[in-house]
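Structure record follows, encoded as structure tokens.
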Amino acid sequence: MSKSTTSKQLDEKLFRRSYAKTVAVLVKYFGLDEVETAEDIVQETLVEAFERWSVQGWPDHPEAWIMDVAKKKTINLLRRNRIFRDKILPQLERVEPASEAELQDSTLKMIFACCHPELPKGSQIALALKTLCGLSVPEIARALLTSTKTINKRLYRAKEKFRTAQIPFVIPDPSEFDHRLDSVCKTLYLLFNEGYYAPHHQEIIRADVCFEAVRLLKEVSARYDQSRSTSTLRAH
């Protein structure tokens, strides 16, 4: 494997991981009704990172750089928009750099929001794979055995539902946990499957995708056990 090929694969892994984490954190500030805005900001940030790092070299902490630049782009956007500026900007300017625990918590909230019962089942999984896991529309279409046109329609409808249904950006209460667990587990299975066998990718096994699926499943499992314990205590 050539040095340039290895570098490209590292870039893809970093950008995929940073995409999911940064979108989840920005949604925390914007709200789920503006998930598309958060995605646009992160995509713009990753393009800027690729262009700048190709010339200047990589920074010491690339993920921190991406998060910081995305945050600044968010602030600039909010300043141009009176509604967002008055509602969110004071909180956003006070926020400290996101900790790893906060990133993981935001990621979990995002996957449960994507799998909210208000969204159709097909849209839930497609949205989670796109927004949280960073898979492309063709990758999602292949995982769900459908067309890219169908996936684009599902994504559009899901984001419209975020705008109108006021879906909360939280980890659900124990009483609601089971209603979303099936879609969450299917999403993580498909994510792992995409990593384990990727015939249209340079790497047949994409270890970073597999590890992320396993990590998220462990987090979901821990929260599930916690919700069960809480329910038991309340029953007594």
Under the salt bridge (Lys or Arg N to Asp or Glu O under 4.0 Å) rule, collect the residues that match up with Glu219, sequence neighbours excluded. none
Quick check for you: to the nearest 0.5 Å, what is the distance between Phe211 atom CZ and Leu216 atom CG? 13.5 Å
Quick one, Leu181 and Val220 - any side-chain contact, counting heavy atoms below 4.5 Å? yes
Between Glu39 and Val23, what is the shortest heavy-atom contact and its length? CA-CG2, 4.2 Å
Taking only residues two or more places apart in sequence or in another chain, which ones pass side-chain hydrogen bond (donor to acceptor under 3.5 Å, both in side chains) with Ser221? none
Give me each pair satisfying side-chain hydrogen bond (donor to acceptor under 3.5 Å, both in side chains) with a member in residues 113-123, each pair once, sequence neighbours excluded. Lys121-Ser183
Can you tell me how far apart NZ (Lys21) and CE (Met67) are? Round to the nearest 0.5 Å. 8.0 Å
I'd like to check the salt bridge (Lys or Arg N to Asp or Glu O under 4.0 Å) partners of Asp40; sequence neighbours left out, ordered by chain and number. none
Between the NZ atom in Lys186 and the CG atom in Leu144, the distance rounded to the nearest 0.5 Å is 10.5 Å
For Leu119 against Lys161, the heavy-atom pair lying closest together: CD1-CG, 3.8 Å
Taking Tyr189's backbone N and O only, do any of them form a donor-acceptor pair with Asn193's side chain (distance below 3.5 Å, no angle check)? no
Find the distance between CD (Glu139) and CG (Leu190) and round it off to the nearest 0.5 Å. 12.0 Å
Is Tyr156 reachable from Ile151 through a run of I, L, V, M, F, W or Y residues, each pair having side-chain heavy atoms under 4.5 Å apart? no
Decide, yes or no, whether a salt bridge links Glu212 with Arg215 under the criterion of side-chain N to carboxylate O below 4.0 Å. yes
Would you mind reporting whether Arg157 and Pro120 have side-chain heavy atoms less than 4.5 Å apart? no
Which heavy atom of Ala113 sits nearest to which heavy atom of Leu32, and what is that distance? CB-CD1, 3.5 Å
If you measure from CG on Asp182 to CD on Gln124, what distance do you get to the nearest 0.5 Å? 9.0 Å
Intermediate values then yes/no, side chain to side chain contact (heavy atoms under 4.5 Å, CB included), Leu77 and Ile41: CA-CA 9 Å; Leu77 177 62; Ile41 288 175; 4.0 Å; yes
If every non-hydrogen atom of Phe169 is compared with every non-hydrogen atom of Lys109, which pair is closest and at what distance? O-CD, 3.6 Å
Note: Ala38 and Val27 closest approach over all heavy atoms is CB-CG2, 4.0 Å
By salt bridge (Lys or Arg N to Asp or Glu O under 4.0 Å), Glu48 pairs with (sequence neighbours left out) Arg52, Lys73
Crowded around Gln166 CD? As in, over 12 foreign heavy atoms under 6.0 Å? no
Taking the side chain as everything from C-beta on, heavy atoms only, tell me whether Leu127 gets closer than 4.5 Å to Arg154. no
At their closest point, which heavy atom of Thr187 faces which heavy atom of Cys115, and how far apart are they? OG1-SG, 4.2 Å
Residues two or more places apart in sequence or in another chain: which of them pass ring-ring contact (aromatic ring centres under 6.0 Å, His included) with Phe162? none
Whether Trp53 and Trp65 hold their rings parallel, tilted or perpendicular, with breakpoints at 30° and 60°: perpendicular
Distance check, rounded to the nearest 0.5 Å: Thr150 atom OG1 versus Ile140 atom CD1? 12.5 Å
Are Val170 and Val25 joined in one hydrophobic group, where the rule is that I, L, V, M, F, W and Y side chains link up if heavy atoms are under 4.5 Å apart? no
